[in-house]
Structure formats: structure tokens, C-alpha cells
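Sequence positions, counted from 1, serve as the residue numbers for this chain. Please read all numbers here as calculations on a predicted model, not as lab measurements.
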Amino acid sequence: MYVTFQIKQKNMANLLVFYLITLTFSSVCLSSKHIVLFPDEECNLQVAHGKISDEKSLNLNFYEDCIDRDLGVCTPKTKGNEDYLRYFSQSEKPECQNYEQVAQSMNDVLQFCVDMEGSSWYGGAEVTFQHWPLNNLNWTNNPYVTKSSGDQAVIESYFFNSDGYYIYIDESVPLFVDINGPRPGQMCFTSKVEAPYRKTRNAMLYRICKYKNARVAHERAIKDFLGMPSKIPDPYVVKYPIWSTWARYKVNVNTSSVREFAQEIVDNGFPRGTMEIDDNWETCYGSAEFNTSRFANISELVKDLKSIGFKTSLWTHPFINLECPTHEKVKQKGYFVKSTSGTVNSTWWNGNGSYIDFTNPEAATWWSNALHDLLAKSGIDTFKFDAGETSWSPQLPEYHDNDLTYYPDNIVNAYIKTLVTFGSGIEYRVSRRSQEFGGLLRMIDRESRLGLQTRTTHIDNKL
């Protein structure tokens, strides 16, 4: 027999917990106060209160709270867990159930949790240490946006398990995720309107589906909302190595070091591939002009590299540093992301600068035209585009596109849409719902030494 628990309601100033819904695999019919999702005999997904199924079920725990818990603005919730049934509705697919709960105010916090015990969970985000399955991860109140902290450059609000269930949370939700956080063994999804979000509506929207197994569930998710690539990367960049100067020289790069690197590759009989000139080639970060003290004649260097069988790529980024002469001109044009306080200044790993606002078509065109001109003058084949996460914006950002539905990650899609104009040979590192573009999405840097802290052990998990 499976043992169930009920948690006592805390006082009104604390977190209001209604009922804990435990995940069960029992075949015994027991009375229960839990909301359970389970497949019926025809494989249609059902949702019920006080039901235990013979099939593996997915049980949900619902919680509500307030951002500001002052009783003058925080209304105590007195409804029981069974009340949450009314937020479920049958989707157009019989294997799925939709859920929609709109908060009464922007101060409300809406949360549901899934007990992970007995199943392996996958999906989610790229992170520094890619523990797999997600059951081994530890997150507490993690803002679910692209951000530099934790190397969270690639995310999807999509999670699936080994039993064939998937959960898809709408991208409009101001989502925070806990995995083994305050509730060990549970994965919790929270909607609350606080930084890094700005919203005009606070709602929890998601879909849960159940299929035969994890593979079928994932294939259906690709078909239904993740999408398929409309094209593929240039096969050359997949088939042959990309030789980055960063791996060998870091910022100490110039004509001599590039020639030396290329010759060593040839002398040792390695495949030629792409020679990628990485960080520290510009006169200043964001100028899109070669520093002639380092690269006196870039077109000649590129011609020589091609003559011995290399293609060429150039590292670049979406920033202009404050010391660049062009910074003030671009600022006056209104081409930078600004914060709600009006500043355009931000910080990235190469100093203080400003982030191009790619939601502004004029800004995106100006930026991309400068790089297209650079390719034409230098003869370089393509680019390695770095950064792009929303966290590089001055906080909290105000974009040219002021639609807050998918804020703040709407700039990510705008950035990638700008990059794809450079062809199929590019590489980039940031992504959210960008499958359609079919580019070469690279993982965050890995160090070439074994061990957990150097992250090499997590390469397979990221792939």
C-alpha cells in the first residue's frame, strides 16, 4: 500500500500549501486527495481528483503565495487542491490536457510541482554542469531565461520523462524553475512577475501529454511545437574541424600566430577545415575594423590561408564598448538596448559597453551591414557569433519591440534572425525556439582537461 501525506496549512503570512499530490505507481484503488493525470484504456489522458490508476500516473502539487506577503495586499487562499481541476481542459489531442490559471493580481505567485521519483526527467536548459537526467540537478528559484549565469544560453520550456509524459510551459509565462530545491525530489514551475520579467499579465499556462514512451513523446513535441529545421548548416563546418585561435592563443592573436597555427596543422597532417580568428582582432570591441598593428593586411592573410586549403571564420559579438568612437553615434541613433532607468550601459566579459537592440529593424540592419562590408573587404568566409543572452542587456531592458508577451527573450530570436542572413556557415551559441533556422548551434566552451570542474565530463550530456 502506498502512503500519502497531507501538509498542514501555514499561517497566512507564510507560503500557503494546499495539498501535496504524490506520484504513485500503485495498482490498488485508494481514496486520495491528489490531482492525478493518467491514460485511460484508449490512451486518452485523463485528469482527476482522488484517483489512482493502474497505469503510471503523473501527480501534481499546487501552491500559491504572494511576492509581497503583507496581509494588506496578499489575500489568503482557502480553496482545496481539488479546485485546481477547473483549470484543466482537454486539448485538441486526446493524449493531452491543457492548463490555464490567471492570477488575480501581479502580486500573486502560482506554482505547480511534479514528483520526479520513479522516472527520469530530461529537457530543460543547457547549463555549466550538465547533470543528466534532471533528477540529479539542483536549482532554486532559477529565472528561466537565457543568461550568462550558469551558462544558460540554450533553453526550452519543455521537459519530458522516461514514462512518456511531457510538460510544455508557454513561453509567455514569467517562469522560475526549482529542481530539488526547497522541495527535494520535486521539479517545480512558478509563475511570478518579478525581475528579470516585466509583464502585463500573470498566468500559468502549460500542456501535459502522455505517449507510449519517451521517444514517441519527444517526436510528438517536435511535430507540435518545437519544430523542425527548415535547412541545415553548411556540411563543411560539420565535416571538417574548426580551428579556433582562442584554444591556442586566447587574446594573443595576430598575423604571425595565425600563420604559425595553420602551418602546424598542415605539418602534423590534420584536416584543414576552418581557421577561426577569435578574440582581439578589432581596433576596439564593436568597431568591426581590424587592428592593423595586429593584422597589417588581413586580405592577404586570408588569401594565403585559402591557398593551403583553409576556409576562414571571424569571431564577433553584439556589443560596442564605451571607448569606441562609434559608441556615441550609435547611441544617438537609438540602436542600443536601454534599461527602464534609461541607461544603455552594460558589462560583458570584455569590458563596459552596450548591446545592439536587434528588435529594432534599423539597428539590426545597420549592425549586419557593417559586418557584411567587413567580409567583402577581407575575403573572410563567415562568422562565429558570440553572446546573445538577454542577461547582457542593461537591467531591466526596454526593447524597441515593446510587446512583453515573450519578454525578455524576444531579443534572442531577433538576434538569430539577424545572424541567418550571413548564410549556412555561421555558428552561434544562444537559442530559444530557434530550431527553424537550422544553423550550427555550439555549446558553451569546454576545457580540454578531464574532471567535473573542467566540465569535459558533461560534453555528452550537452550533445
Arg294 side chain reached by Asn280 side chain, heavy atoms, under 4.5 Å: yes
Compare all side-chain heavy atoms of Phe383 with those of Trp315 and state whether any distance is below 4.5 angstrom. no
My understanding is that only residues two or more places apart in sequence, or in another chain, count here; which of them pass salt bridge (charged side-chain N to carboxylate O under 4.0 Å, His left out) with Glu328? none
Could you pull out all residues at least two apart from Asp278 that satisfy salt bridge (charged side-chain N to carboxylate O under 4.0 Å, His left out)? Lys384
Say whether, by atom type as modelled, one donor and one acceptor occur between the side chain of Gln186 and the main chain of Arg183 under 3.5 angstrom. no
Short question: side chain of Tyr144, backbone of Glu156 - any donor-acceptor pair under 3.5 Å? yes
Quick check on the 6.0 Å ring-centre criterion: do Phe159 and Tyr165 meet it? no
Assert yes or no for the condition that the ring centre distance of Trp132 to Trp121 is strictly below 6.0 Å. no
Using only heavy-atom distances, determine whether the side chains of [X] and [Y] contain a donor-acceptor pair under 3.5 Å.
X      : Y      : answer
Thr128 : Asp151 : yes
Thr405 : Asp403 : yes
Asp279 : Asn350 : yes
Asn161 : Ser120 : no
Thr343 : Ser339 : no
Tyr99  : Gln101 : yes

Has Lys329 got more than 12 heavy atoms of other residues, nucleotides or ligands less than 6.0 Å from its NZ? no
Inspect the contact between [Y] and [X] and indicate whether a charged nitrogen and a carboxylate oxygen are less than 4.0 angstrom apart.
X      : Y      : result
Arg432 : Asp409 : yes
Arg207 : Glu92  : yes
Arg429 : Glu389 : yes
Lys93  : Asp224 : yes
Glu219 : Arg215 : yes
Arg69  : Asp65  : yes

Exactly one of Trp348, Phe319, Tyr335, Trp392 should register a ring-ring contact (aromatic ring centres under 6.0 Å, His included) with Tyr355. Which one does? Phe319
Test ring-ring contact (aromatic ring centres under 6.0 Å, His included), reference His218, set Tyr122, Tyr158, Tyr211, output is Tyr158
Give a yes/no verdict on a cation-pi contact between Lys192 and Phe176, requiring under 6.0 Å between NZ or CZ and the six-membered ring centre and an angle within 45° of the axis. yes
For Leu374 against Leu314, the heavy-atom pair lying closest together: CD2-CD2, 3.7 Å
